[in-house]
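Everything on this sheet refers to the single structure shown next.
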Amino acid sequence: MPTEPDAGGHFGEFGGRFVPETLIPALDQLQAAFSEAMADSTFLAELEYWNRTYTGRPSLLYHARALTERIGGAEIYLKREDLNHTGAHKINNTIGQALLTRRMGKHKLIAETGAGQHGVATATVAALFQMECEVFMGAEDVRRQSLNVRRMELLGTRVTAVESGSRTLKDAINEALRAWVASVGDTHYVIGSVMGPHPFPKMVRTFQSVIGQEARSQILEMTGRLPDLLVAAVGGGSNAAGLFHPFLDDAVAMVGVEAAGEGLDARHAATLSRGRPGVLHGARSYVLQDEEGQILEAHSLSAGLDYPGVGPEHSLWKESGRVRYASCTDQQAVSALIQLSQTEGVLCALESAHAVAEAIEQARRLGPKKTIVVCLSGRGDKDVEELNRYLEAHRDGQI
Amino acid sequence: MPTEPDAGGHFGEFGGRFVPETLIPALDQLQAAFSEAMADSTFLAELEYWNRTYTGRPSLLYHARALTERIGGAEIYLKREDLNHTGAHKINNTIGQALLTRRMGKHKLIAETGAGQHGVATATVAALFQMECEVFMGAEDVRRQSLNVRRMELLGTRVTAVESGSRTLKDAINEALRAWVASVGDTHYVIGSVMGPHPFPKMVRTFQSVIGQEARSQILEMTGRLPDLLVAAVGGGSNAAGLFHPFLDDAVAMVGVEAAGEGLDARHAATLSRGRPGVLHGARSYVLQDEEGQILEAHSLSAGLDYPGVGPEHSLWKESGRVRYASCTDQQAVSALIQLSQTEGVLCALESAHAVAEAIEQARRLGPKKTIVVCLSGRGDKDVEELNRYLEAHRDGQI
Amino acid sequence: MARSEIGSVFARAAADQRLAVMPFLVAGDPSIEETVRLAEACAAGGADLIEIGWPFSDPIADGPTIQAASKRALDRQVGRAEVLEVLTQVRRRTGLPVLLLSYLNVLLSMNDLGPLKAAGVCGLIIPDLALDEPAAIRVRARALDLPVIPFAAPTSTDQRLSEIGRTIDPDAFVYCVSLLGVTGQRQAVSQAALGLLQRARERIAAPLAVGFGISGPDAVSAVSRHADGVIVGSALIDLVQRQGRKAAVAVERFVADLVHAGHR
Amino acid sequence: MARSEIGSVFARAAADQRLAVMPFLVAGDPSIEETVRLAEACAAGGADLIEIGWPFSDPIADGPTIQAASKRALDRQVGRAEVLEVLTQVRRRTGLPVLLLSYLNVLLSMNDLGPLKAAGVCGLIIPDLALDEPAAIRVRARALDLPVIPFAAPTSTDQRLSEIGRTIDPDAFVYCVSLLGVTGQRQAVSQAALGLLQRARERIAAPLAVGFGISGPDAVSAVSRHADGVIVGSALIDLVQRQGRKAAVAVERFVADLVHAGHR
Ligand SMILES: Cc1ncc(COP(=O)(O)O)c(C=O)c1O
Ligand SMILES: Cc1ncc(COP(=O)(O)O)c(C=O)c1O
């Protein structure tokens, strides 16, 4: 199992660069800047400085005793990325990319966003490093994540609602790519997950690996041994890749949890479970698509998982069997969110709730004496309105 | 300058216990439990455990270089209480009180809330320690802080909208006191600031002093000396008291910033600047009142500062001159919030923005080589809707 | 003269083998004139003493009925002058002793309590002043020979009751709170009330009056053997609200029923 | 036969001392029949080659005009069978060489590219396939003698242009992107386009066609001395949208104007 892609950014048969020629030189420049930076102790120190003093890293690894007790199975530990400044793991990546942008002499940022967390994280670093910023967001997501739209605006970022296609994350990425093609000279496109053309998947995973590195030493310190299982939600796959990567060579099981939306046989966003390899947004990877290669609209209550693609490294991990990919419906996620909220007082993001739901199931299955580390990728403030709508609509239901 | 009240909870001529007789035994019980707990290393260890592993303490002391540079004056350091779990300093207090509640053998919590942060913090510990919880909130605050209402509900707490009086914090406290009188046998009233009858002012200040204790050692470590000035917003006064108290014996200047609302000659909440001593909500302290002792309605855009009373220890500090009390209008707070947001990428609570506005002014006045520590008491997510309404309404204005 | 007034109220009632009945009205609700007229109706019904409440913005010890009454009065600009006017008139027209119930902050705002005395007030009830605070207000009241009525509650410890017994002003009675809660009508008198009265009786020589939640004659009978007086506020105000223009007649009859029910 | 088709297009145009004109239409927009009719109109106007776009859900290289055209076609259920039908008909009716423009994912979904060849396609344009990916699709195309047209952009380095020159399929031309941006009409041809054409000419022997943003005859004249052909898409589709039922006549005239403007 190779843990790094080849020079062209290929993770086995996945990854690569499938973008208009116009962008290739920018990707070359980025790749060079990234490689140099990662070998430059000044850059690494700077990254560490902002992670520690601004984001608040290391994030806690919290032993969820009350939840564990309630479930009566394996010990559950939560990696609290929700406590990061701006409220999700996304900032780990945007700080890294902003520092690279400065290194490349660029001074404008664009980004796409689904849940708005990556948009907020990008807007935040844009403010911090005094860069101009525009964020593309599907019009549907603008509606369901209005809190984050306002946050971006207050941070001085322009939010552009994208009306094309399913008006969600996929279309925001299309539009961001188009905007980047038109501005590539002075603008860096801050991709928010381990997706897109090389070097993004590797670069984003590298910046997010701080999650797994910390979790690894924290769990060793807390329990004296490695965990039995890691669980993380998979949208593009960055929080999962960040948690998993530092454990790849260990005897640790891993589950990535995709959004099953209304069910795998209805509208969902379970790319690895129900898609097949294809090319979307610059890389070869699993894609939700029809027989003729048209991209399907994904569906998840959780805007951050509502994406028909996935990072190429996950496709490799799926094919190799290193990581198992499960899925979780809207309803299961909502009910896990409420259960966590009401046993631990932790209101997590809907995205993260998918991981929590799977962790609860696995805790039962594994039984006591085992340990599970769950990536709590973000906090739920952004989701309360959407949750409210969902609960209103399912009042009679089994939630 | 006494730094502890007398046995009756009097800070000089302020403080005390002015409540219905029914509550006195509960206050005695609480006082006893609190004193015993603070002398019990098990309790202190437990408190420290939850502060560290759950809240995420110590909170960062962040050197705001970009803001400092922009202002061109004293070095500004932000005490990042906004990074705490649940997003404000309020949790420091609710964890302490919940542990005391358990110690007293009670299993129900009630609380009042203005901005909703204390309500969320109480709902959170109620979930964590499996207690029943009801939170009283002025109907006006329910409207302007709807995000926090939903958060409380998702945490399993009942939120009761209070329709009496100005329908804000003052009335929520009235109602909570009434509810406590009716349930005092099995219920603890988690007061959210350094106010109310003895022992609350001292107890809440003690739990919040972790802010100042950390800040003191952090700034010594970062700069090698004590700061020149501390700045904090004052609603009831808990974040300010928590920051100030550990520095009382030091040669450090302090400013508490009240809400001047629409201006000190219009509607405001500047209790110490414009009130006079009286009795409200169980203690003698400064109060906004008319000639005949009727309590006036306070006004602040910031729900957490919208209160016509203040903690009794602040009244003492004002009278003794140990702390200066300034005020800041809605407009100044909004513009400081935006300035901080757009230079540092930190979207703080409207309450905290009052402190930021004063800090900016003082940084200019003090000039370089001086250092200011500002308590960033909470994050601004809860305020974006209200800010949006304010900015819409003042579109033509000078913000 | 004020010194003996309260004492004689309880002495007279005891002689009649009944409870002293003390109706409570909020000054200025529904109007100054009406408050006075309702007090007269109480007197006609046989009330022994009238309690007048000073409307306050933040009545933390009161339930919805008295909160609303306070608010109505404040909305009609009932201030210090109007309250003094009500007190004076009630005293003059009824000839009964008058107690003033006021939250502490209102009294603290008066430089001088003399005008209360001048208006005929014979004692103060301050719901947010518990025993613990030897607040300056006590000194000022005592200088005018105005007793401050202490409260006892079901939660009060025996020790506290003894302390009340030791420190009570001469001529005062003890306001025994019948339940855990704020003012307002309740279905029945709680067991807690009877327990409190018994414990208080053993420790306090002064008369005991029961208040909070006394809804009508049944409640009065229930405590008639355990207390010396009853205070009836919310039930009366609810009645006034219900009856509108015919309130005075109804109040007179209601108070008469209370007096009747208070016979042992 | 396909091998020589593209070559002969440029050879003929060069012989006429003019640019080869290559109109672009989206298959099935506004309908299958119309696409074919419009292609015939292009041919009547003097077009040298027709480019047909396969409607795709996520056309990242396209601006609003072609995005909308793709969406219209997809909304009308234009799928693989319909695209093949359009290609076949256009080839048959116009007799001109036909290039297929398709995003990569659509082509990857075909197990076999044979049907494209059978429909008369003589080359592939894949906007999201840059030089870097020696993707399997190239091998499959080459096996069918279908050249894949490479792109060059203003951002392409000299080294990259040389690499394009070295690796280009026999019989292919280079699709020179005239600007930084997606497809869609622009006011004027950018300086960047002329710079690119000059740099490309020095490094690439194959013909150079300019596309993206060519809005009409003026733009064509502006590049006539620097390029060998022009690709006109959005301007044509906008025209069809504007003209409605009279589109064929307008298209024929427009293409004729382009051909005219392309004379050196
Ligand atoms: C809180 C949170 N978790 C998870 C995700 C999913 O992204 P990824 O799979 O890249 O971690 C998002 C995306 O917005 C998010 O906001
Ligand atoms: C973020 C924040 N800061 C400050 C305050 C004011 O309270 P205090 O003065 O007790 O710190 C509040 C109250 O809700 C708050 O939420």
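All of these numbers come straight from a predicted model, not from anything done at the bench. Throughout, a chain's letter reflects where its sequence line sits, starting with A, and its residues are numbered from 1.
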Query raised in the report: If you count heavy-atom pairs under 4.5 Å with chain A, which of D:T157, D:D132, D:L179 comes out on top?
Result: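 Most pairs with chain A among the choices: D:D132.
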Report summary line: Looking only at D:A130, D:P150, D:S57, most heavy-atom pairs under 4.5 Å shared with chain A are made by D:S57
**Report entry** Residue-level interface, residues 59-85 of chain D with chain A, non-hydrogen cut-off under 4.5 Å
**Finding:** D:P59, D:I60, D:A61, D:D62, D:Q67, D:L74, D:G79, D:R80
Requested in this report: Taking heavy atoms only and a threshold strictly under 4.5 Å, list by residue number the residues of residues 180-202 of chain D that touch chain A; give 'none' if the list is empty.
Outcome: D:L180, D:G181, D:V182
Requested in this report: Tell me yes or no: between the side chains of A:H198 and D:E133, is some donor less than 3.5 Å from an acceptor?
Outcome: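 Per modelled atom types, A:H198 and D:E133 side chains form no pair under 3.5 Å.
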Query raised in the report: Do D:S156 and A:E21 have side-chain atoms, one donor and one acceptor, less than 3.5 Å apart?
Result: yes
Which atoms of [X] come close to chain D, meaning under 4.5 Å heavy atom to heavy atom: side chain ones, backbone ones, both, or neither?
| X | value |
| --- | --- |
| A:I24 | side chain |
| A:T22 | both |
| A:E297 | neither |

Requested in this report: Please identify each residue that fulfils side-chain contact (heavy atoms from CB on, under 4.5 Å) with A:L296, with sequence neighbours left out.
Outcome: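 Partners of A:L296 under the side-chain contact (heavy atoms from CB on, under 4.5 Å) test: A:L288, A:D290.
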Query raised in the report: With D:P134, which residues qualify under side-chain contact (heavy atoms from CB on, under 4.5 Å), at least two apart?
Result: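 Here no residue qualifies.
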Query - Backbone N/O of A:G293 and side chain of D:N105: donor-acceptor pair under 3.5 Å - result: yes
Query raised in the report: Does the side chain of A:Q294 come within less than 4.5 Å of D:Y103's, by heavy atoms?
Result: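 A side-chain contact is absent here, since even the closest heavy-atom pair is not under 4.5 Å.
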Query raised in the report: Do the non-hydrogen side-chain atoms of A:Q289 and D:S109 ever get within less than 4.5 Å of each other?
Result: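 Side chain of A:Q289 against side chain of D:S109, heavy atoms only: contact under 4.5 Å found.
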Query raised in the report: Is A:R276 atom CZ crowded by more than 12 heavy atoms from other residues, nucleotides or ligands, each under 6.0 Å away?
Result: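 Above 12, so yes.
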Query - Interatomic distance, D:D128 atom CG to A:F18 atom CZ [nearest 0.5 angstrom] - result: 8.5 Å
Requested in this report: Decide side chain to side chain contact (heavy atoms under 4.5 Å, CB included) for A:E292 and D:V106; before the verdict, give the C-alpha distance in whole Å, the side-chain angles of both, and the deciding distance to 0.1 Å.
Outcome: CA-CA 6 Å; A:E292 300 192 348; D:V106 168; over 6 Å; no
Report summary line: Looking only at A:L27, A:I173, A:D28, A:N174, most heavy-atom pairs under 4.5 Å shared with chain D are made by A:N174
Query raised in the report: Do D:F56 and A:I295 pass the side chain to side chain contact (heavy atoms under 4.5 Å, CB included) test, and can you show the C-alpha distance, the side-chain angles, and the key distance before you say yes or no?
Result: CA-CA 8 Å; D:F56 183 53; A:I295 310 305; 3.8 Å; yes
